[in-house]
Amino acid sequence: MRKSAESLPREAGVRISVGALLLESARRIDEWSLIRSKIGHLSVVPRLAANPGDEPGSLVLTPFEWRVLAGCDGIRDVQSIAVTLGEPEFDVARSLFGLVVAGVIQIRDPVAESTARAPRNDADPLLGQAEQLIRSRNYDAARETARTIAATFPDDPRGLLVLGRTFLAERRFAEAEAPLREAVRLDPGSPRALRLLSWALLGAGRLDESVHGFEAWLAWPALGPEEEQQVSAVGAAIPAARQLAALLRGAHD
């Protein structure tokens with residue numbers, strides 16, 4: 001007797017060992033490093049190669065790879081292709097990597113092209129581009145653009161702020177500390193740089209340092225309208241960080 005759909009359990013427990021998850025995570029990190037040698041970030045645009053090769057032969061692709069190849073119209077980027085196919089970005093990027101290596105497709109990088117065209121006496125166009133990339137969650141391209149800003153305008157802390165914010169958005173708190181600390185050094189009068197650095201320290205587990213930073217930020221003589229909007233969040237973070245620090249100090253008892 002067949003069971004009806006209504007009688008089937010809606011939830012089921014799945015047992016996966018922590019070790020297996022860690023191994024899979026490590027494998028994907030290694031694979032991403034290889035993929036990025038050809039697919040630098042999700043904003044690159046794949047298209048069919050003009051000269052796929054001199055040697056005649058047949059191309060053997062899986063059905064998924066054919067679907068990815070069909071999306072390489074020279075207009076959509078990797079992220080758009082993944083959305084259109086309803087597939088994970090990792091799987092699409094991995095297939096594109098194989099197609100690039102096989103010489104079937106070529107990659108165009110609009111971010112690098114836009115960066116190259118940007119005037120070198122004005123950081124604002126690049127900053128606007130980086131902000132848009134952060135909003136679209138294309139963090140690889142945002143980081144690349146932010147590093148270009150920081151290298152081109154070494155005395156302008158705004159590129160470092162964007163780089164730090166990108167790391168914060170990715171929850172890569174320890175990596176966010178260095179650019180944000182340098183931004184504070186370049187512009188000690190920026191309350192925003194201090195606040196972002198304090199969040200990075202908090203996320204990295206540097207609880208006491210983060211509290212000191214937040215308290216110094218709250219004591220700032222004139223925060224400005226945008227920073228004033230962050231007062232409640234910072235005010236909530238300070239006692240939470242203090243409580244956690246106290247619990248950790250007593251963990252050995």
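Note that the structure is a prediction, hence the values are computed from the model and not measured.
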*asked:* When you compare the side chains of Q230 and W217, does any donor N or O come within less than 3.5 Å of an acceptor on the partner?
replied: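 Checked: Q230/W217 side chains show no N/O donor-acceptor pair below 3.5 Å.
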
For the pair [X] and [Y], find out whether any cationic side-chain nitrogen is under 4.0 Å from an anionic carboxylate oxygen.
| X | Y | answer |
| --- | --- | --- |
| D187 | R158 | no |
| R242 | D208 | no |
| E144 | R147 | no |

Decide yes or no for [X] and [Y]: does some side-chain heavy atom of the first lie under 4.5 Å from some side-chain heavy atom of the second?
| X | Y | result |
| --- | --- | --- |
| D77 | I81 | no |
| C72 | R47 | no |
| E170 | R137 | no |

Look up atom [atom1] in [X] and atom [atom2] in [Y], then write down how far apart they are to the nearest 0.5 Å.
| X | Y | atom1 | atom2 | result |
| --- | --- | --- | --- | --- |
| L207 | L244 | CG | CG | 5.0 Å |
| I149 | L126 | CD1 | CG | 5.0 Å |
| S210 | L202 | OG | CG | 4.5 Å |

Heavy-atom pair of closest approach, residues [X] and [Y]:
| X | Y | result |
| --- | --- | --- |
| S43 | P110 | O-CD, 3.4 Å |
| A176 | G164 | CB-O, 3.7 Å |
| R67 | L85 | NH2-O, 3.1 Å |
| F64 | E87 | CE1-CG, 3.4 Å |

*Around atom CD of Q243, are there more than 12 heavy atoms of other residues, nucleotides or ligands at under 6.0 Å?*
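Counting neighbours around CD of Q243, 12 or fewer heavy atoms of other residues, nucleotides or ligands fall under 6.0 Å, so no.
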
*Taking R76 for its side chain and D73 for its backbone only, find out whether a donor-acceptor pair lies under 3.5 Å.*
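A pair under 3.5 Å: no.
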
*Would a hydrophobic clustering, with Ile, Leu, Val, Met, Phe, Trp and Tyr connected at side-chain separations under 4.5 Å, put L201 with L180?*
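Per the 4.5 Å side-chain linkage, L201 and L180 are co-clustered.
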
*Please answer: with hydrophobic residues joined when any side-chain heavy atoms are less than 4.5 Å apart, are F214 and L194 in the same cluster?*
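Yes, F214 connects to L194 through the hydrophobic network.
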
*Decide ring pair (Phe, Tyr, Trp, His ring centres under 6.0 Å) for F173 and W199; before the verdict, give the C-alpha distance in whole Å, the side-chain angles of both, and the deciding distance to 0.1 Å.*
CA-CA 8 Å; F173 300 107; W199 281 119; 9.0 Å; no

